[in-house]
Protein chains: 2
Amino acid sequence: MSHSHPELPAPPPLAPGALRVVPLGGLGEVGRNMAVLEHEGRLLIIDCGVLFPEDHQPGVDLILPDFDYIKDRLDDIEAIVLTHGHEDHIGGVPYLLRLRRDIPLVGSQLTLAFIEAKLKEHRITPLTLTVKEGQTEKLGVFDCEFVAVNHSIPDALAVAVTTSAGTVLHTGDFKMDQLPLDGRVTDLRAFARLGEKGVDLFMVDSTNAEVPGFVTNETEIGPVLDSVFDTCEKRIVVASFASHVHRVQQVLNAAHSHGRRVAFVGRSMVRNMGIAAELGYLDVPEGLLIDIKKIDTLRDDQVVLMCTGSQGEPMAALSRIANRDHKVSVGPGDTVILASSLIPGNENSVFRVINGLTRLGARVVHSGNAKVHVSGHASAGELLYCYNILRPKNVMPVHGEVRHLVANGALAVRTGVPPERVVLAEDGFVIDLVDGKASIVGAVPCGYVYVDGSSVGELTDAELKDRRILGEEGFISLFAVIDSGTGKVLAGPEIHARGFAEDEAVFESILPQLTAALEEAASTGSVDTHQLQQVMRRVVGRFVSNRLRRRPMIIPVVVEA
Amino acid sequence: MSHSHPELPAPPPLAPGALRVVPLGGLGEVGRNMAVLEHEGRLLIIDCGVLFPEDHQPGVDLILPDFDYIKDRLDDIEAIVLTHGHEDHIGGVPYLLRLRRDIPLVGSQLTLAFIEAKLKEHRITPLTLTVKEGQTEKLGVFDCEFVAVNHSIPDALAVAVTTSAGTVLHTGDFKMDQLPLDGRVTDLRAFARLGEKGVDLFMVDSTNAEVPGFVTNETEIGPVLDSVFDTCEKRIVVASFASHVHRVQQVLNAAHSHGRRVAFVGRSMVRNMGIAAELGYLDVPEGLLIDIKKIDTLRDDQVVLMCTGSQGEPMAALSRIANRDHKVSVGPGDTVILASSLIPGNENSVFRVINGLTRLGARVVHSGNAKVHVSGHASAGELLYCYNILRPKNVMPVHGEVRHLVANGALAVRTGVPPERVVLAEDGFVIDLVDGKASIVGAVPCGYVYVDGSSVGELTDAELKDRRILGEEGFISLFAVIDSGTGKVLAGPEIHARGFAEDEAVFESILPQLTAALEEAASTGSVDTHQLQQVMRRVVGRFVSNRLRRRPMIIPVVVEA
């Protein structure tokens, strides 16, 4: 199991008959999943998702895979296969279709319905090909077979791609719940058949590879919800992911059996559950739903509110309820259930919401105090089954941070995959499958592509650093008008500061010194505007550093008149 | 168990003979713990700690308790009792002593040694009174008895304060490890004796009240460390809290039995372990320690590095090692052990460090994959023991977020404390103990006090919001010189922007429109500088909002010449 160095050469030309795999996102982070397969000059894309920014990326809306590698080869793309309808697998599609609108999208019914609704907002009507588990499709030089997998959204698919170079099996996101709500298990019989024929490269979800054992069955959530509902006197608010159809189904079932009606709260919850119900993925008993506007016609003990915001997102319904900034209010006797995971990095936001709801008097039930959530990704125990059923010739862990990929690779080795057949790659690495052996042959540039307001891919890491400095240290703008003849200060100097603890008056004491320094520098007659600006920056910078112990961004402007 | 409303009146005068308790920090957050007890005009302070800022408080160095309530009564303070030497209990002392230098500090030997070292950096030599478990001291009108408690730092004390109003028992931070490394258990015999005599108000650590069961014994860490050390081929790096003497002791023991020498890395680790060893709290075998500068004289398998940075703090040793920005390097074959908790909110930073170390080839052992950490705070099971042994008349959960305080109160009720005798307070609430009953009688102002560069308590929440806007949206400074006679623009307009994805050139297209708008407004002759500045703000604000979809901070400056 060799861990490759990031300083890799540009890749050599692809050997005839060989297959190339280039991950453009999702290897080194949980999100923006995207892989490009290449064979005989043609490209097949698997997934195209977004990554959500962290706190050290202030102001960023979304992060995309880096399309740089394919932007000159758009016409070579046969299709984009979408394994399932989660944002981290489909959210980048609108941005890719902006580059070429008629790339066909291939996926299951629900997956395509979710991406079509999203593309509608971008005013794009895509070319689509709906596929089902068991189906095979020839996408140019890529023979694809779609395999049912179980995940935290219905209708997820793995895809086996066969070319003359061999067969690649990509799991998408999956787990192996043996008692799923819809009876649609991960198709291990298909995995076994593919394994018998020979899987040359297994690209496999790594998210939970560090977690020992097995994921609890989704069906065990239902009885827990029932028993929580039993103890609720007044309103029940349940927050979960807006795409988790099976979780919502269990909430609907519990509400139904407790004689409560359900209102969906939050734009994405309303939209997605509308789609899921229409396509038959969500079974809604007659008369169960009620419009949020009408809930005040019911008693508190007749209501369940199914809402978004389980990750503490400040603009989502649940945060606003906790801040008393929503038409829905909660108070003593009400119960709020967070039927979701706590995604690492969201702890502060989620606990702020829990504390807010607790302060309002509500009881808060969450995965920390009741079994109201199970993960959607296979744990180590399940991954071991996969490896043993498939016996893949080469393994490439995908979908995870470095620690997850390494842990997944170690599981493969423990089932007998030779360490040199485990490819630990990162975004932009180029992996060639030649004569049945996969190896890293180089790398292509693959950076973070930020969606930031109306700009896509323009924000640089240097500008993000500027933002962090602005946010942590504030800024000072300085300005003065100088008589170009005499060198006297005609107007200013003015100091404007933001983000400081101190009143602006603190800066007044430096003005005489600043004027003197400017006039002294200008009097020599041999300095230009730029140098005078540097004088201002230096005088004020030293003052701020010594007196206030801060290092703000300083923008000096000198005008000679 | 009544949850009080934040809109409380100013407190009434304290009844003669009654006791007043005012928490100035630590109730509603984990940190900046401080309580003020008042009796017959005199004040006793228990702890004075700091809180570390979160991401929505950019640039802030520390957060202090709000001293406003006591700042006019400094001479009434008898003493500050420090329960133990953690920053969230002692870190605010230097700032309080700046207000009155001769307030006596009362605490155990190690606690006082830690605060004295800290005060030395602030050039303050405090008045101190060293106490031991079992000791009683009359601090003015407050009769104090000190009781041994077990925590993740040695020499921690609870304090029982008796006045004519009754007895208050404050646990400080504690757990009930029955096999502690130093044999110094939480003194339940003393708790029982105090309970027999009658504890009128029990102020009790809530941190782990939501966690069911019992904390694993600290001594179980040692064998785990031994077995991890058994598997290490090359260097071992252990990161933990710089005050966790017992954890460090177990690392020293494991190193010693594996024939390795130990180097301390990080300023606070070196300082604290120096103090602990000198005072006899840390037992260092002869010749075990080696200076970090000399480790290259040893083979990799002869070294253990004991360092700070277990929370992913960017400037601490471990982060810098992960970023290859430290004299200590790690690589394939090396093992890094994070023998610490993952404090909520630090996940992103810690996992960034783990991923960085993994990428360098090191194996990373942490509490997620091995039992290398146990908490320092009593879980629900332990708290139940406490309540049953003490049978307190009134309970006031302290040290926690709202959710922790509420969970702790619920435990008290389950052991038979009447719900109306459980005081759920927040920072600034005023609780009077009168005739054996504790109740909330009002509140005093109690805000977050930010240490920010050289300023203490000047930074407002509005300025923090400015910083967040600056960080997320950037800023634009605009400036122009206008002829006050003709209304013509003499110089500028100039646009300077920071924190944008776009090149500054994007703003050039707006300059003609900006000039025109300024001159049109100025030509009316009836507008002042302020109004001209508003014109600039409006024109540029609209452009940025429509074109770039951003809402930066805009600072316009117009000078009339």
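Lettering follows sequence order; numbering is per chain, from 1. Computation of the quantities below employed the complete heavy-atom set of this structure, encompassing side-chain atoms and omitting hydrogens, waters and symmetry-equivalent molecules.
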Are Thr231(A) and Arg363(A) close enough, and set up right, to give a side-chain hydrogen bond (donor to acceptor under 3.5 Å, both in side chains), and what steps lead you there?
-> CA-CA 11 Å; Thr231(A) 65; Arg363(A) 176 172 62 129; 2.7 Å; yes

Atom group of Glu494(A) that falls short of 4.5 Å from chain B, counting heavy atoms = side chain

Between Ser477(A) and Arg498(A), does a side-chain hydrogen bond (donor to acceptor under 3.5 Å, both in side chains) hold up when you go through it step by step?
-> CA-CA 9 Å; Ser477(A) 74; Arg498(A) 285 292 187 284; over 6 Å; no

Part of Thr460(A) within contact of chain B (heavy atom distance under 4.5 Å) | neither

Best-contacting candidate, Ile555(A), Val481(A), Asn355(A), Asp466(A), against chain B by heavy atom pairs under 4.5 angstrom = Asn355(A)

Residue part contacting chain A, namely of Glu472(B), when any heavy atom lies under 4.5 Å | both

Looking at His496(A), Gln57(A), Glu473(A), which has the largest count of heavy-atom pairs under 4.5 Å with chain B?
-> His496(A)

Is it the backbone or the side chain of Arg352(A) that comes under 4.5 Å from a heavy atom of chain B, or both, or neither?
-> side chain

Report the C-alpha distance between Glu210(B) and Asn408(B) in whole Å, list the side-chain angles of each, state the deciding distance to 0.1 Å, and finish with yes or no for side chain to side chain contact (heavy atoms under 4.5 Å, CB included).
-> CA-CA 7 Å; Glu210(B) 286 190 316; Asn408(B) 203 357; over 6 Å; no

State, with a plain yes or no, whether a side-chain heavy atom of Glu347(A) is found less than 4.5 Å away from one of Glu347(B).
-> yes

Any side-chain donor paired with an acceptor under 3.5 Å for Tyr450(B) and Glu458(B)?
-> no

